[in-house]
Amino acid sequence: MKANKLKALWQGDQPALNGWCSIGSSFTAEIMAAQGFDSITIDMQHGALDYGMALPMVQALRNVGPTIMARVPWRDPSWIMKALDMGVEGIICPMVNSRAEAEEFVSYLRYPPHGQRSYGPTRAVIADPSYNVKDANAQVLAIAMIETAAGMEHLEEIAATPGLDGIYVGPADLTLGTQAGRLPPGFDREEPEMIAMIKEIAAVCRKNKIAACLHCGSPAYAARAIEWGYRLTTVGGDVRFLAQSARAAVTGWHEVVGRAGGSDSTGAGKGGY
């Protein structure tokens, strides 16, 4: 069965760069994957897409090279198993708050006797004819999100969950979930209390030999996170990249052209064609 590129990087204690797809478009996913990310995550929780959109995105990513992951809407076996059946190689699960929830999440990704995943890899076995239960149990990544005060309280026991491969930190929800509304949500936290929590998660993950993963807003912050021990960093995604590039083009145009235009006789400089 096809080896999981992300898993191999982590086994070598190497950091990985993750791309994020929130737009329901196979072409957008293909463009993102062609840029050289080690993994691409399809956001089925907050992304503007559903299962019918996610499937062609996975198909478009198949031959490009990155590890394909999905963030599911919830700790729901129907979402998790259908995402795996369409061929994703890792699942990111939001709002995991206890060891029991982490164990339940892991069980949905593993076939018996290691879990309770139902067999029916409809597309996965077509995409990879060497697909088999044993390798699927070993290669598929289970990544739990720590986003709340309860998650932080139970961090040690969550990280020690057998079969869990990593913990993913969403700084926006972690801030909302631990600071009682005192701080606004956002990436690249600079508050000492937030940095302390982010570092604590990395340290606990390293102690338990699982990967710490962090959603970042800039390459510079990702570099800091890697120094703290994070082994996967996401630096923006399709929505932010599109918005930033479009804004830069508009701003640049106004800087060099403005609205005055030329004064040619055709009227084109005045807005006409």
Side-chain angles (χ1 to χ4, degrees), residues 6 18-24 39-51 53-54 57-58 67-84 86 88-110 115 117 140-155 157-159 161 163-179 181 183-187 189 194 197-198 200-202 204-205 210-217 225 230-234 236-240:
L6 196 52
N18 180 59
W20 201 261
C21 287
S22 298
I23 299 172
S39 58
I40 294 287
T41 298
I42 299 170
D43 188 358
M44 300 173 74
Q45 182 189 22
H46 291 305
L49 57 97
D50 57 18
Y51 183 88
M53 297 174 180
M57 293 170 74
V58 172
T67 293
I68 307 168
M69 300 197 292
R71 178 168 73 169
V72 293
W74 201 249
R75 195 180 65 261
D76 181 331
S78 61
W79 277 101
I80 292 169
M81 294 186 198
K82 281 185 74 66
L84 292 172
M86 71 178 171
V88 305
E89 301 164 272
I91 298 289
I92 300 173
C93 181
M95 299 290 182
V96 175
N97 295 318
S98 68
R99 169 67 174 259
E101 291 181 358
E103 289 175 342
E104 184 180 52
F105 163 53
V106 170
S107 77
Y108 297 150
L109 280 77
R110 313 293 183 212
R117 181 180 172 187
V140 169
L141 296 170
I143 304 171
M145 294 194 75
I146 297 292
E147 307 179 87
T148 65
M152 285 301 301
E153 180 183 353
H154 300 114
L155 173 61
E157 60 188 57
I158 291 171
T161 303
L164 190 69
D165 296 290
I167 287 177
Y168 195 102
V169 182
D173 275 319
L174 184 65
T175 303
L176 287 174
T178 61
Q179 302 303 308
L183 297 173
F187 305 136
R189 309 309 307 194
M194 295 307 303
M197 274 191 283
I198 290 169
E200 180 185 357
I201 292 170
V204 170
C205 285
I210 62 174
C213 313
L214 181 65
H215 209 100
C216 303
Y230 280 84
R231 285 300 169 261
L232 180 139
T233 51
T234 301
D238 53 5
V239 172
R240 288 187 65 217

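Here, residue 1 is the first one in the sequence, and each next residue gets the next number.
Across every non-hydrogen atom of Arg99 and Ile158, the tightest pair is N-CG1, 3.9 Å. The two residues Met69 and Ile143 have their closest heavy-atom pair at SD-CD1, 3.8 Å. Closest non-hydrogen pair, Pro94 versus Ile92, comes out as CD-O, 3.9 Å. Closest heavy-atom contact between Val140 and Arg110: O-NH1, 2.7 Å. Between Arg240 and Cys216, the shortest heavy-atom contact is NH1-O, 4.1 Å. Of all heavy-atom pairs between Met44 and Ala70, the closest is SD-CB, 3.9 Å.
Between Met145 and Asp173 the shortest side-chain heavy-atom distance does not fall below 4.5 Å. Within the 4.5 Å cutoff, side-chain heavy atoms of Tyr230 are placed close to those of Ile201. In this structure, Leu49 and Ile42 have side chains that are in contact, with non-hydrogen atoms separated by less than 4.5 Å. Taking 4.5 Å as the limit, some side-chain heavy atom of Thr178 sits within range of a side-chain heavy atom of Met194. Under the 4.5 Å side-chain criterion, counting only non-hydrogen atoms from C-beta, Ile40 is not in contact with Ile68. A 4.5 Å side-chain heavy-atom check between Cys21 and Asp238 finds at least one atom pair inside the cut-off. Here the side chains of Ile91 and Tyr108 are not in contact, with every heavy-atom distance at 4.5 Å or above.
Thr67 places a side-chain N or O within donor-acceptor distance of the main-chain N or O of Leu6, the cut-off being under 3.5 Å. A side-chain donor-acceptor contact under 3.5 Å links His154 to the backbone of Asn97.
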Evaluate side chain to side chain contact (heavy atoms under 4.5 Å, CB included) for Cys213 paired with Asn18, printing each intermediate quantity in order.
-> CA-CA 9 Å; Cys213 313; Asn18 180 59; over 6 Å; no
Chi angles and distances behind the side chain to side chain contact (heavy atoms under 4.5 Å, CB included) call for Ile167, Leu155 | CA-CA 9 Å; Ile167 287 177; Leu155 173 61; 3.8 Å; yes
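Listed by chain and residue number, Glu191 satisfy the salt bridge (Lys or Arg N to Asp or Glu O under 4.0 Å) test with Arg189 (two or more places apart in sequence, or in another chain). Legend: residues meeting side chain to side chain donor-acceptor pair (under 3.5 Å) with Gln179, ordered by chain and number and at least two apart, are Arg182.
Using bins of under 30°, 30° to 60° and over 60° for the plane-to-plane angle, the ring pair Trp20/Tyr168 lands in the tilted bin.
The line from CZ of Arg117 to CE of Met81 is 8.0 Å long, rounded to the nearest 0.5 Å.
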